[in-house]
Student: 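Once you've had a glance at the structure underneath, I'll fire off some questions.
This one's a predicted model, so the numbers in the text were calculated from it and none came from an experiment.
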Amino acid sequence: MTGRFISFEGIDGSGKSTQARRLAAQLRAEGHAVTLTREPGGSTGAEEIRRLVLEGDADRWSAETEILLFTAARRDHLEKTIRPALARGEVVITDRFADSTRIFQGITRGDLTGMVNALHDLMIGVEPDLTILIDLDPALGLARATARAGTELRFEEMGLAFQTRARAGFLALATTQPRFRVIDGARDADAVALDVRAACNVG
Ligand code: ADP
Ligand code: TYD
């Protein structure tokens with residue numbers, strides 16, 4: 001793959017979408033071709049799977065079934081959106097990627113890490129060049145995410161303890177691979193955006 005592949009990760013409401021959008025706008029203003037995308041979703045088929053996993057009752061799917069659904073969505077996203085954009089030499093910025101499955105399905109409801117990684121190796125097999133982890137207190141994240149509202153609340157409804165485990169999981173994962181940069185999300189969006197741009201050695 002050519003091009004640069006950047007993911008944003010973090011708990012719900014941490015400011016990923018805001019920062020992914022801002023980084024895309026900044027890099028475009030600097031003259032880069034950018035594809036801004038998201039998971040679950042980012043391609044027609046994956047957006048259909050998004051509705052299945054994000055709407056409905058919290059106990060609608062087991063963690064194991066979610067691993068399959070999120071990985072199926074990711075495979076379609078990779079084939080239809082990410083690989084073609086990287087092949088065109090673009091910067092690809094995705095709001096969530098495989099680390100979200102490692103955390104939300106892999107560790108928040110028992111340890112399914114082995115299953116997540118085996119399926120990832122079999123079906124996805126790539127990691128971002130850079131992963132920006134926006135770190136935030138889960139109480140603050142939940143307050144922000146709930147204020148934003150909408151119908152995609154299935155994971156928010158899993159509650160504060162779930163998001164607290166997720167935050168700790170993300171921070172632990174970030175220490176295991178050099179592609180991670182951890183950025184404090186508990187500041188105004190301009191200050192966070194400056195750190196995000198500095199973390200990307202694009203251009
Ligand atoms: P995520 O994609 O991580 O769920 P969003 O970027 O959608 O987070 O932000 C969640 C909510 O918090 C939105 O309403 C957004 O406008 C607001 N928000 C984002 N960044 C900040 C910030 N640095 N400070 C305060 N509010 C923020
Ligand atoms: P997202 O739209 O990024 O929500 P938010 O903006 O609130 O952070 O993601 C929706 C939910 O999907 C989020 O709660 C995390 C969850 N998710 C997983 O559980 N596994 C995954 O692999 C992905 C990509 C997302």
Side-chain angles (χ1 to χ4, degrees), residues 1 3-27 30 32 34-42 70 74 77 82 86 91-109 111-113 116-117 120 124-148 155-156 158-203:
M1 280 193 194
R4 289 269 296 161
F5 182 22
I6 301 170
S7 66
F8 279 81
E9 296 284 0
I11 59 168
D12 294 337
S14 56
K16 295 176 308 300
S17 312
T18 303
Q19 294 300 328
R21 256 196 322 273
R22 290 184 63 140
L23 179 63
Q26 174 69 33
L27 292 178
E30 294 173 19
H32 298 280
V34 176
T35 289
L36 174 63
T37 186
R38 68 161 180 190
E39 289 202 354
F70 281 111
R74 182 161 305 124
H77 185 209
I82 298 174
L86 290 175
V91 178
V92 173
I93 300 174
T94 184
D95 183 350
R96 296 196 184 282
F97 194 64
D99 298 317
S100 283
T101 312
R102 292 190 173 101
I103 299 307
F104 290 104
Q105 283 67 48
I107 64 160
T108 50
R109 285 159 288 171
D111 184 9
L112 298 177
T113 301
V116 170
N117 285 330
H120 178 82
I124 309 297
V126 295
E127 301 296 346
D129 300 306
L130 170 71
T131 298
I132 309 257
L133 173 57
I134 312 265
D135 182 52
L136 188 70
D137 182 323
L140 208 52
L142 265 183
R144 284 187 192 172
T146 311
R148 182 186 51 194
F155 281 85
E156 278 82 356
M158 292 189 192
L160 192 58
F162 180 90
Q163 298 292 340
T164 301
R165 277 197 296 281
R167 181 200 198 182
F170 275 123
L171 287 172
L173 188 62
T175 66
T176 67
Q177 292 185 44
R179 67 184 162 88
F180 280 93
R181 298 288 177 279
V182 181
I183 290 178
D184 175 12
R187 297 169 296 153
D188 69 70
D190 289 345
V192 179
L194 277 177
D195 281 4
V196 169
R197 180 63 190 91
C200 305
N201 55 3
V202 174

Student: Which residues satisfy the side chain to side chain contact (heavy atoms under 4.5 Å, CB included) test with Arg181, sequence neighbours excluded?
Tutor: Leu130, Ala199
Student: Mind checking whether Arg4 and His32 have side chains closer than 4.5 Å, heavy atoms only?
Tutor: no
Student: Distance from Phe70 atom CZ to His77 atom NE2, nearest 0.5 Å?
Tutor: 13.5 Å
Student: Which heavy atom of Ile6 sits nearest to which heavy atom of Cys200, and what is that distance?
Tutor: CD1-SG, 4.1 Å
Student: Quickly, which of Gln163, Lys16, Arg165 forms a side chain to side chain contact (heavy atoms under 4.5 Å, CB included) with Ile11? Name it, please.
Tutor: Gln163
Student: Rounded to the nearest 0.5 Å, how far apart are CZ of Arg96 and CZ of Arg38?
Tutor: 11.5 Å
Student: List for me each residue that meets side chain to side chain contact (heavy atoms under 4.5 Å, CB included) alongside Ala143, sequence neighbours excluded, and say none if there are none.
Tutor: none
Student: Are the side chains of Arg197 and Glu30 in contact, using a 4.5 Å heavy-atom criterion?
Tutor: yes
Student: Run the salt-bridge test on Asp190 and Arg22 with the 4.0 Å N-O cut-off and return the result as yes or no.
Tutor: yes
Student: Where do Arg74 and Thr101 land on the side-chain contact (heavy atoms from CB on, under 4.5 Å) test, with the steps shown first?
Tutor: CA-CA 10 Å; Arg74 182 161 305 124; Thr101 312; 2.9 Å; yes
Student: Rounded to the nearest 0.5 Å, what separation is found between the CG atom of Asp184 and the CG atom of Asp195?
Tutor: 8.5 Å
Student: So, taking the atom named CZ in Phe8 and the one named OG1 in Thr131, what distance separates them when rounded to the nearest 0.5 Å?
Tutor: 10.0 Å
